[in-house]
There are 2 protein chains.
Amino acid sequence: MALTTSAATPHPLQTPAHRLEENAEQNRREILAAAALAFMEQGYAATSIDTVAIRLGATKGRIYYHYRSKADLFFEVHREAMLMNLEVIRPIAGSDTAAKERLRRMALAHAHLVMEHLPFQRVSVQGVEMHLTGSTTPEQRSTLQSLIAMRDEYEGFFIDVLEAGIASGDFRELSARMVVKPLLGALNWLTMWYRPAPGETAGMRAQIADQHAAFVLGGVLNR
Amino acid sequence: MALTTSAATPHPLQTPAHRLEENAEQNRREILAAAALAFMEQGYAATSIDTVAIRLGATKGRIYYHYRSKADLFFEVHREAMLMNLEVIRPIAGSDTAAKERLRRMALAHAHLVMEHLPFQRVSVQGVEMHLTGSTTPEQRSTLQSLIAMRDEYEGFFIDVLEAGIASGDFRELSARMVVKPLLGALNWLTMWYRPAPGETAGMRAQIADQHAAFVLGGVLNR
DNA sequence: GTCTATACTAGGATAGAC
DNA sequence: GTCTATCCTAGTATAGAC
């Protein structure tokens, strides 16, 4: 091995800036994924930074260099999950389709999101129950607010399609704000029991997603 | 105040044995209720025995006298919740009613159970996600097994009525084992968002329960 | 039966070496 | 940028007084 070549982390002067940022970005994503996995398996409170680090084949130091605190790490995982979901659902919610079909597609997409990004989605559900109210810094509180705003926006997409369907007579005359809870609850419950089977195919996930979409659609349909 | 009268805890020789046991039983129930509340608000891992004790206006000593460990305390709360649910649902599930109506009543009852015993039910949901697999003693593992058995029995009641409805053609041709997940998920999601409003009436809860029962019934109905 | 005092450990977070 | 070493608090659990 040549003594003059750089270590794993190249010297800034030898590397274009954007390349560096890519690496840093990649690094952070790797940490987030490991954290999401740990939070899914043990829950936020029971997860130690050490176990996340070990998962990465590293030590605390690496994590604390990139994230101020365990709470911040959790928030980043949560934000990542919300951004992902909004990005997928927003175009479907905004599409010019009958409420019935639109809701079916949204439910289908959400079920797929949950199954295919399970660790992040599990964290996102833990975020709902999050009990960080006491010990958070004012800075973290504002982060928490923005996460809640994203969640509200997301729920809003479903409320909108429900109201459209009620107005058109496709759906029963129900309270959209109320029924959106069991609707998303049925889908999010996947995070509680679904774990990918060893040799699972996309077809098996599609079947689960179909069943769930049919279930929640039936739940609001007029007959 | 007479000097000869007993303190809060009377001497055994002055009190009939069954009376003593009632007091002990009452004492444990009080601890369980405080623990359930704390576990609901902060989650199992983030709850300290100290905070449960403070809630009781007592100290750790009182709790550790009655329960060996925090895990045992959690298990007792969980068991209490499961016993409660089984007791309510079993007779409905066993009643000689058409599947459609039977499921509606079971869903209604479950929704009411969740709302009216929220702390215990929230713990029961936390139990599903429970990650105690590593650090439990063999004794605790067997307790955990019995809790899982109760949960399976409970879920079984819903699977049975679903299969009856499929056989009779009232429900769609779906996999009962699969659809029971979003069904109970929709109802259990109540533990995530429902909190009794300050001056809440039984009528308001009945309305929520009705909406939920209608939703899950619609989810499986044939059309 | 409940309290106070205390032993003991895990884990969040930081400092400084490399 | 990551590691090692360390500080420090919080919290489980127990012992012994009352």
Side-chain angles (χ1 to χ4, degrees), chain A residues 6-15 17 19-31 34-35 38-39 42-75 131-132 134-137 139-140, chain B residues 6-15 17 19-31 34-35 38-39 42-75 131-132 134-137 139-140:
Chain A
S6 63
T9 305
H11 189 279
L13 292 178
Q14 299 174 347
T15 323
R19 187 83 183 80
L20 258 190
E21 278 162 32
E22 268 176 38
N23 284 343
E25 187 54 30
Q26 186 54 37
N27 199 344
R28 288 172 64 95
R29 299 188 83 78
E30 198 185 341
I31 295 173
F39 289 147
Q42 321 190 5
Y44 172 76
T47 297
S48 74
I49 298 283
D50 279 314
T51 66
V52 176
I54 287 164
R55 219 183 201 107
L56 290 164
T59 64
K60 285 188 226 251
R62 174 154 171 216
I63 292 173
Y64 277 108
Y65 177 79
H66 293 280
Y67 298 94
R68 251 200 269 290
S69 68
K70 185 174 144 182
D72 282 348
L73 182 54
F74 181 87
F75 288 146
H131 331 274
L132 289 175
S135 54
T136 39
T137 69
E139 189 185 346
Q140 287 174 340
Chain B
S6 62
T9 305
H11 190 280
L13 292 179
Q14 298 173 347
T15 323
R19 186 84 184 81
L20 257 190
E21 278 163 30
E22 266 176 38
N23 285 344
E25 187 54 29
Q26 186 55 37
N27 198 345
R28 288 171 64 95
R29 299 187 83 78
E30 198 185 342
I31 295 173
F39 289 148
Q42 321 189 5
Y44 172 76
T47 298
S48 74
I49 298 284
D50 279 313
T51 67
V52 177
I54 287 165
R55 223 188 195 101
L56 289 165
T59 65
K60 286 185 227 255
R62 174 153 171 217
I63 293 174
Y64 277 108
Y65 177 78
H66 292 281
Y67 298 94
R68 252 200 268 293
S69 69
K70 185 174 142 181
D72 282 346
L73 182 54
F74 181 87
F75 288 147
H131 331 274
L132 289 175
S135 53
T136 40
T137 69
E139 189 185 344
Q140 287 174 339

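Proteins come first, then strands; the chains are lettered A, B, ... in the order of their sequence lines, and each starts at number 1.
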note = Going 5' to 3' through nucleotides 3-18 of chain C and flagging B where a protein heavy-atom sits under 4.0 Å of the base, S where only the sugar-phosphate is that close, and - otherwise, we get BB------SBBB----
For atom [atom1] of [X] and atom [atom2] of [N], their distance in whole Å:
{"X": "B:Arg28", "N": "C:dG1", "atom1": "CZ", "atom2": "C1'", "answer": "13 Å"}
{"X": "A:Asn23", "N": "D:dT2", "atom1": "CG", "atom2": "P", "answer": "10 Å"}
{"X": "B:Leu73", "N": "D:dG11", "atom1": "CG", "atom2": "C1'", "answer": "15 Å"}

key: Plane angle bin for B:Tyr44 and B:Phe74 - parallel if under 30°, tilted between 30 and 60°, otherwise perpendicular   =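 Correct class here is perpendicular.
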query = Hey, is the main chain of A:Thr47 close enough, under 3.5 Å, to the side chain of A:Thr51 for a donor-acceptor pair?
reply =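 Answer holds: no.
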message = Using a 3.5 Å distance criterion without hydrogens, assess whether the side chain of B:Arg55 forms a donor-acceptor pair with backbone atoms of B:Ala35.
response =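 No; judged by distance alone, with no hydrogens or angles, the pair does not exist.
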Evaluate the side-chain proximity of [Y] to [X]: yes if any heavy-atom separation is below 4.5 Å, no if none is.
{"X": "B:Glu30", "Y": "B:Glu25", "value": "no"}
{"X": "B:Ser48", "Y": "B:Lys70", "value": "no"}
{"X": "A:Arg68", "Y": "A:Gln140", "value": "no"}

request  = Return no unless some side-chain N or O of A:Asn27 is found under 4.0 Å from OP1 or OP2 of D:dT2.
outcome  =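 So the side-chain polar atoms of A:Asn27 do come within 4.0 Å of the phosphate oxygens OP1 or OP2 of D:dT2, strictly under.
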ask   = Using a cut-off of less than 4.0 Å, is there contact between a side-chain N or O of B:Tyr65 and OP1 or OP2 of C:dT2?
value =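 For C:dT2, neither OP1 nor OP2 has a side-chain N or O of B:Tyr65 closer than 4.0 Å.
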